[in-house]
Novice: 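There's a structure below that I have some questions on.
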Amino acid sequence: MARRTKEEAFETRESILDAAEKCFHEKGVSRTSLSEIAQAAGVTRGAIYWHFQDKADLLDALFERIQLPMAPLNQAAHDASANNPLERFRELLVTVLKRLESDPAARRVNEILLLKCDYVEAPCTQKKHLQSMNKHHDDNLRTSLLLAMASGELPADLDLEMALFCAHSFIYGILHQWLMQPQQLSLVERADDIAATLLDMLRDSPHLRSKSP
């Protein structure tokens with residue numbers, strides 16, 4: 001009986017997430033109420049609050065859900081004991097880009113996060129929430145760059161902060177541009193070229209070298 005209750009709770013949580021993904025994608029985060037999500041999921045508002053604190057918590061859970069299949073690759077990309085960290089970072093980036101085009105759920109959630117969040121809405125504090133997510137991604141990217149510098153795959157005199165800023169802007173720019181104009185090119189076909197372009201910049205650009213004091 002307890003096992004069935006646990007399964008039912010998981011199914012309810014997944015139904016709420018499915019409904020939130022649908023509603024957020026159709027109307028945007030700010031224009032979607034928890035009551036609308038509850039109605040779409042066929043549950044009460046109380047059921048939503050049992051599983052989630054607010055809309056920001058729902059956004060977190062949606063993002064975590066699409067990240068689950070990526071967990072082994074993500075872990076490998078930040079494993080200090082593994083070889084060729086830059087190659088592992090490249091593989092992770094290529095997979096992320098290809099999945100954005102090939103996985104409808106990943107595309108919808110990224111559209112919600114990058115295109116359908118209101119950055120000034122106070123009740124959901126979406127701006128602070130997304131800033132926190134960006135910091136988390138920056139921390140992971142910083143780890144990848146440091147590991148690649150330590151392995152010799154990136155120059156030892158890489159200007160880490162400048163490289164981090166440019167790499168983050170490059171990746172998010174690609175995601176945003178493709179979501180706005182997916183007909184421009186196929187990420188599935190060109191992901192390797194895109195990742196290689198970023199790595200070439202990190203390895204070879206003289207403007208990403210630390211300036212001598």
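Computed from a predicted model, the values in this text were never measured in an experiment.
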Novice: Taking the side chain as every heavy atom from C-beta outward, state whether Thr44 and Tyr49 have any atom pair closer than 4.5 Å.
Specialist: no
Novice: Just by distance, do the side chain of Glu101 and the backbone of Leu187 share a donor-acceptor pair under 3.5 Å?
Specialist: yes
Novice: To the nearest 0.5 Å, what is the distance between CD1 on Ile174 and CG on Leu198?
Specialist: 9.0 Å
Novice: Should Leu58 and Phe10 be regarded as members of a common hydrophobic cluster, given that ILVMFWY residues are connected when their side-chain heavy atoms come within less than 4.5 Å of each other, either directly or indirectly?
Specialist: no
Novice: Look at the side chain of Asp103 and the backbone N and O of Arg99, then say whether any donor-acceptor pair between them is shorter than 3.5 Å.
Specialist: no
Novice: Is the distance between the ring centroids of His168 and Tyr172 under 6.0 Å?
Specialist: yes
Novice: Decide if the gap between the ring center of Phe165 and the ring center of His207 is smaller than 6.0 angstrom.
Specialist: no
Novice: Flag the pair Asn110 / Ile66 as yes when at least one side-chain heavy-atom distance between them is below 4.5 Å, and no otherwise.
Specialist: yes
Novice: With sequence neighbours left out, write down each residue that passes side chain to side chain donor-acceptor pair (under 3.5 Å) with Glu161, or none if nothing qualifies.
Specialist: Arg142
Novice: Could you tell me whether Asp192 and Lys98 make a salt bridge, using a distance below 4.0 angstrom between a side-chain N and a carboxylate O?
Specialist: yes
Novice: For the atom pair CG (Leu208) and CG (Leu164), what is the distance rounded to the nearest 0.5 Å?
Specialist: 11.0 Å
Novice: Can you see which heavy atom on Ala41 is nearest to which on Ser15, and at what distance?
Specialist: CB-O, 3.7 Å
Novice: Salt bridge between Glu111 and Arg108, side-chain N to carboxylate O under 4.0 Å?
Specialist: no
Novice: Any side-chain heavy atom of Phe89 within less than 4.5 Å of one from Leu147?
Specialist: no
Novice: Give a yes or no on whether the backbone of His25 and the side-chain of Lys116 come within a donor-acceptor separation of less than 3.5 Å.
Specialist: yes
Novice: Check whether Leu17 and Val29 end up in the same hydrophobic cluster, where Ile, Leu, Val, Met, Phe, Trp and Tyr are linked by side-chain heavy atoms less than 4.5 Å apart.
Specialist: yes
Novice: For the backbone of Cys23 and the side chain of Thr32, can you confirm whether one donor and one acceptor N or O come within less than 3.5 Å of each other?
Specialist: yes
Novice: Do Arg107 and Trp178 have side-chain heavy atoms sitting under 4.5 Å apart?
Specialist: yes
Novice: Is there a path from Leu62 to Ile37 through hydrophobic residues (I, L, V, M, F, W, Y) whose side chains come within less than 4.5 Å of each other?
Specialist: yes
Novice: Please, which pairs that meet salt bridge (Lys or Arg N to Asp or Glu O under 4.0 Å) have at least one residue in residues 163-191, sequence neighbours excluded?
Specialist: Arg190-Asp193
Novice: Got a salt bridge between Asp18 and Arg65, using NZ or NE/NH1/NH2 to carboxylate O under 4.0 Å?
Specialist: yes
Novice: Are Phe24 and Val109 close enough that some pair of their side-chain heavy atoms sits under 4.5 Å apart?
Specialist: no
Novice: Side chain to side chain contact (heavy atoms under 4.5 Å, CB included) for Leu100 and Leu179? Distances and angles first, verdict last.
Specialist: CA-CA 9 Å; Leu100 182 63; Leu179 289 172; 4.1 Å; yes
Novice: Grab the two heavy atoms, one from Ser102 and one from Val188, that are nearest each other, plus how far apart they are.
Specialist: CB-CG2, 4.4 Å
Novice: What distance do Leu175 atom CG and Leu97 atom CG have between them, rounded to the nearest 0.5 Å?
Specialist: 6.5 Å
Novice: Minimum heavy-atom separation for Arg31 to Glu36, with atom names?
Specialist: O-OE1, 3.5 Å
Novice: Could you state the interatomic distance from NZ (Lys55) to CD1 (Ile48), rounded to the nearest 0.5 Å?
Specialist: 11.0 Å
Novice: What distance do Leu160 atom CG and Leu141 atom CG have between them, rounded to the nearest 0.5 Å?
Specialist: 8.5 Å
Novice: List the steps and the verdict of side chain to side chain contact (heavy atoms under 4.5 Å, CB included) for Leu115 and His176.
Specialist: CA-CA 8 Å; Leu115 304 180; His176 188 276; 3.4 Å; yes
Novice: Run the salt bridge (charged side-chain N to carboxylate O under 4.0 Å, His left out) check on Glu91 and Arg88 step by step: do they pass?
Specialist: CA-CA 5 Å; Glu91 290 176 0; Arg88 288 182 280 113; over 6 Å; no
Novice: Taking the side chain as everything from C-beta on, heavy atoms only, tell me whether Leu86 gets closer than 4.5 Å to Arg203.
Specialist: yes
Novice: Show the numbers, then the answer: is there a salt bridge (charged side-chain N to carboxylate O under 4.0 Å, His left out) between Arg209 and Asp159?
Specialist: CA-CA 5 Å; Arg209 300 294 171 266; Asp159 184 335; over 6 Å; no
Novice: Output the distance between atom CH2 (Trp50) and atom CZ (Arg13), rounded to the nearest 0.5 Å.
Specialist: 13.5 Å
Novice: What about Leu202 and Val94, same hydrophobic cluster or not, with Ile/Leu/Val/Met/Phe/Trp/Tyr joined at side-chain heavy-atom distances under 4.5 Å?
Specialist: no
Novice: I'd like to know whether CE of Met201 has more than 12 heavy-atom contacts from other residues, nucleotides or ligands below 6.0 angstrom.
Specialist: yes
Novice: Does the Ser151 side chain pair with the main chain of Asn84, one donor and one acceptor, at a distance under 3.5 Å?
Specialist: no
Novice: Would you say that Gln67 contacts Glu64 through its side chain, given a criterion of any heavy-atom pair below 4.5 Å between the two side chains?
Specialist: no
